[in-house]
Visitor: 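Quick one: the structure is below, and I'll ask about it shortly.
Every chain is numbered from 1, with letters handed out A, B, ... down the list of sequences.
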Protein chains: 2
Amino acid sequence: MDISIILYLIYKLPEQSKLALQNNVSEIAFQKGHILLKANKIESNIYFIKKGLVRAFIERDNEVTFWFGKEGETVISMKSYVEEQPGYESIELLEDCELYELKTENLKKLFSEDVHIANWGRKFAEKELIKTEERLISKQFKNASERYLELMKDHPELLQRIQLGHIASYLGITQVSLSRIRGELK
Amino acid sequence: MDISIILYLIYKLPEQSKLALQNNVSEIAFQKGHILLKANKIESNIYFIKKGLVRAFIERDNEVTFWFGKEGETVISMKSYVEEQPGYESIELLEDCELYELKTENLKKLFSEDVHIANWGRKFAEKELIKTEERLISKQFKNASERYLELMKDHPELLQRIQLGHIASYLGITQVSLSRIRGELK
DNA sequence: TTCATTTTTTATCATTTGTTAAATTTTTTC
DNA sequence: GAAAAAATTTAACAAATGATAAAAAATGAA
């Protein structure tokens with residue numbers, strides 16, 4: 001997915017602002033397994049996924065996957081980006097990826113200079129917020145089985161591309177529980 | 001809490017922008033029990049809490065409280081605000097409240113005109129996003145008992161001000177389970 | 001292909017949380 | 001302050017999910 005489309009899907013920018021933003025973006029590729037962002041570190045870049053698939057995970061006693069990103073999505077350590085503090089998540093590439101890279105330092109400069117880009121940044125945060133809020137509510141209302149069906153309905157392609165251990169973790173259950181749920185659905 | 005402080009806690013604005021924003025804010029008071037925002041409705045105002053306490057809840061088969069707002073916090077139907085679509089939550093006043101009211105229509109006009117206010121709006125969404133993300137992660141990592149202890153630690157005053165049925169719902173468990181957890185902690 | 005490794009499923013038992021109903025405590029109203 | 005209403009706790013049993021181990025299936029490397 002081209003960068004101009006990715007930016008547009010967040011918020012339509014006037015031509016000049018769009019170019020100003022795109023001029024700060026460079027292309028880069030990494031292989032499956034690469035760790036793109038590291039936990040407990042202030043990250044200085046954000047990425048847009050041109051092609052491929054990644055996951056965000058947090059490690060404590062166990063490891064929990066809490067986000068998947070595919071083509072068109074933004075890879076970001078939110079805590080680094082918002083508070084300039086070490087983030088809690090690492091990002092691992094689940095497939096070979098082509099990415100667009102943007103230095104947050106440059107982005108923040110553009111935010112202060114260009115009202116359209118500031119509103120683009122606002123829309124980005126707002127849309128991410130809606131998605132996160134919907135997941136929180138889903139978790140509050142639905143049991144594991146219902147959340148699995150919801151994922152199948154909303155993102156069926158992820159089930160083809162991601163191994164079930166990660167899916168289970170994302171759903172907030174163990175892999176064994178997910179297998180049981182899948183078994184019961186047959 | 002005064003409006004100037006509330007706005008400042010989100011993002012420091014230059015004097016002129018601050019006044020432009022404050023000029024669109026009016027004061028209003030409602031009694032405990034009042035429904036400030038209604039689910040399935042496109043809401044046209046947002047509110048800042050000067051004094052008092054509110055909850056956001058969603059009704060389906062059962063009713064789930066998923067947010068509490070106290071002095072200094074912003075009351076908003078995020079779906080209305082971001083997507084101009086009917087929101088899923090209602091807001092009920094848990095105490096008599098003094099509020100600052102702001103028409104989203106006016107706010108959006110200011111976003112397009114004033115880069116500082118656009119960045120204020122960006123920061124607002126970003127900070128809400130961090131809070132929501134942290135709750136989602138807490139839900140993924142911790143069991144009900146741990147989440148209760150976390151709430152006691154981070155917001156002890158809420159436990160004094162809010163009845164346990166709402167707290168249990170917020171934690172994602174039944175009131176009976178919460179009582180059991182409290183009993184075991186003694 | 002064949003063997004080794006990884007992923008997924010199945011089974012068993014333990015723990016957590018839900019459901020329902022009743023008892024107790026607290027708050028509100030008169 | 002007494003009665004009524006609302007909120008909280010307790011108890012008993014049911015259902016969902018976790019933990020551990022082992023079996024089966026799928027994938028990858030030589």
Side-chain angles (χ1 to χ4, degrees), chain A residues 31-33 53 55 57-66 68 92-96 135-152 156-186, chain B residues 31-33 53 55 57-66 68 92-96 135-152 156-186:
Chain A
Q31 290 196 315
K32 176 174 175 172
L53 188 66
R55 73 179 179 111
F57 66 97
I58 297 180
E59 265 182 306
R60 295 196 195 160
D61 330 330
N62 49 346
E63 180 188 297
V64 173
T65 296
F66 76 101
F68 298 112
E92 179 197 2
L93 272 54
L94 297 178
E95 300 175 355
D96 295 348
R135 281 192 58 203
L136 183 64
I137 289 166
S138 165
K139 198 111 204 281
Q140 213 109 350
F141 268 99
K142 297 180 175 176
N143 63 24
S145 172
E146 290 167 328
R147 292 201 301 281
Y148 173 70
L149 289 170
E150 184 180 55
L151 183 66
M152 282 218 305
E157 77 289 1
L158 292 185
L159 294 173
Q160 307 308 315
R161 292 168 77 179
I162 300 170
Q163 64 191 50
L164 293 177
H166 293 328
I167 299 277
S169 174
Y170 175 84
L171 293 172
I173 55 177
T174 61
Q175 168 153 5
V176 174
S177 288
L178 179 55
S179 252
R180 179 163 39 202
I181 286 167
R182 285 162 56 91
E184 283 163 4
L185 290 177
K186 275 173 201 160
Chain B
Q31 288 196 317
K32 177 175 175 172
L53 187 66
R55 73 177 178 115
F57 67 97
I58 297 181
E59 263 181 307
R60 295 195 194 164
D61 330 330
N62 48 347
E63 181 188 297
V64 172
T65 295
F66 75 101
F68 298 113
E92 179 196 1
L93 272 55
L94 297 178
E95 299 175 355
D96 295 347
R135 281 191 58 204
L136 184 62
I137 289 166
S138 164
K139 199 116 202 278
Q140 213 109 349
F141 268 98
K142 298 180 174 174
N143 62 24
S145 173
E146 290 167 329
R147 292 201 301 281
Y148 174 69
L149 289 170
E150 183 181 54
L151 182 66
M152 281 216 307
E157 78 288 2
L158 292 184
L159 293 174
Q160 307 307 316
R161 292 168 78 178
I162 300 170
Q163 64 191 49
L164 293 177
H166 292 326
I167 299 275
S169 173
Y170 175 85
L171 293 172
I173 54 178
T174 60
Q175 168 152 6
V176 174
S177 288
L178 178 56
S179 253
R180 177 163 39 201
I181 286 167
R182 286 162 56 91
E184 283 162 3
L185 290 177
K186 272 173 205 157

Visitor: Measure the distance from CG on B:L159 to C1' on D:dT8 and round it to the nearest whole Å.
Guide: 14 Å
Visitor: If I take atom CD in residue A:Q163 and atom C1' in nucleotide D:dA26, what distance separates them, rounded to the nearest angstrom?
Guide: 12 Å
Visitor: Please find the pair of heavy atoms, one from B:E150 and one from B:S138, that lie closest to each other, and give the distance.
Guide: OE1-OG, 2.7 Å
Visitor: A:S179 has a side chain; which of C:dT8, D:dT10, D:dA7 sits nearest to it?
Guide: C:dT8
Visitor: Quick check against the 3.5 Å criterion: does A:Q160 have a side-chain atom that pairs as donor or acceptor with the backbone of A:E157?
Guide: no
Visitor: Over how many whole Å does the gap from A:Q175 atom CD to C:dT9 atom P extend?
Guide: 7 Å
Visitor: Within this structure, what is the CD1-CG distance for the pair B:I181 and B:L164, rounded to the nearest 0.5 Å?
Guide: 11.5 Å
Visitor: Answer yes or no: is there a donor N or O on one side and an acceptor on the other, between the side chain of B:R135 and the main chain of B:F66, under 3.5 Å?
Guide: yes
Visitor: Nearest whole angstrom, please: distance from the C1' of C:dT17 to the NZ of A:K139.
Guide: 13 Å
Visitor: Where do B:R147 and B:I173 come nearest, in terms of heavy atoms and distance?
Guide: NH2-CG2, 4.3 Å
Visitor: Could you give the NZ-to-C1' distance, from B:K32 to C:dT28, as a whole number of Å?
Guide: 11 Å
Visitor: What is the bend of the helix from C:dT1-D:dA30 to C:dC30-D:dG1 when you compare the axis at one end with the axis at the other, using five pairs each and rounding to 10°?
Guide: 50°
Visitor: Minimum heavy-atom separation for A:Q140 to B:T65, with atom names?
Guide: NE2-O, 3.8 Å
Visitor: A:H166 and A:I162: which non-hydrogen atoms are nearest, and at how many Å?
Guide: CB-CG2, 3.6 Å
Visitor: Round to the nearest Å and state the distance from A:L164 atom CG to C:dT10 atom C1'.
Guide: 15 Å
Visitor: Taking atom P of C:dT8 as reference, at what distance in whole Å does atom CZ of A:R182 sit?
Guide: 8 Å
Visitor: Check the interface with nucleotides 16-22 of chain D: list each N/O to N/O pair with the protein under 3.5 Å, or write none.
Guide:
| residue | atom | partner | partner atom | Å |
| --- | --- | --- | --- | --- |
| D:dT17 | OP1 | A:A144 | N | 3.0 |
| D:dG18 | OP2 | A:T174 | N | 3.1 |
| D:dG18 | OP2 | A:T174 | OG1 | 3.4 |
| D:dG18 | OP2 | A:S177 | OG | 2.6 |
| D:dG18 | N7 | A:R180 | NH2 | 3.0 |
| D:dG18 | O6 | A:R180 | NH1 | 3.1 |

Visitor: Check whether A:R55 reaches the backbone of A:E92 with its side chain - one donor and one acceptor, N or O, closer than 3.5 Å.
Guide: no
Visitor: Quick one: CZ on B:F68 to CZ on B:R161, what's the gap to the nearest 0.5 Å?
Guide: 11.5 Å
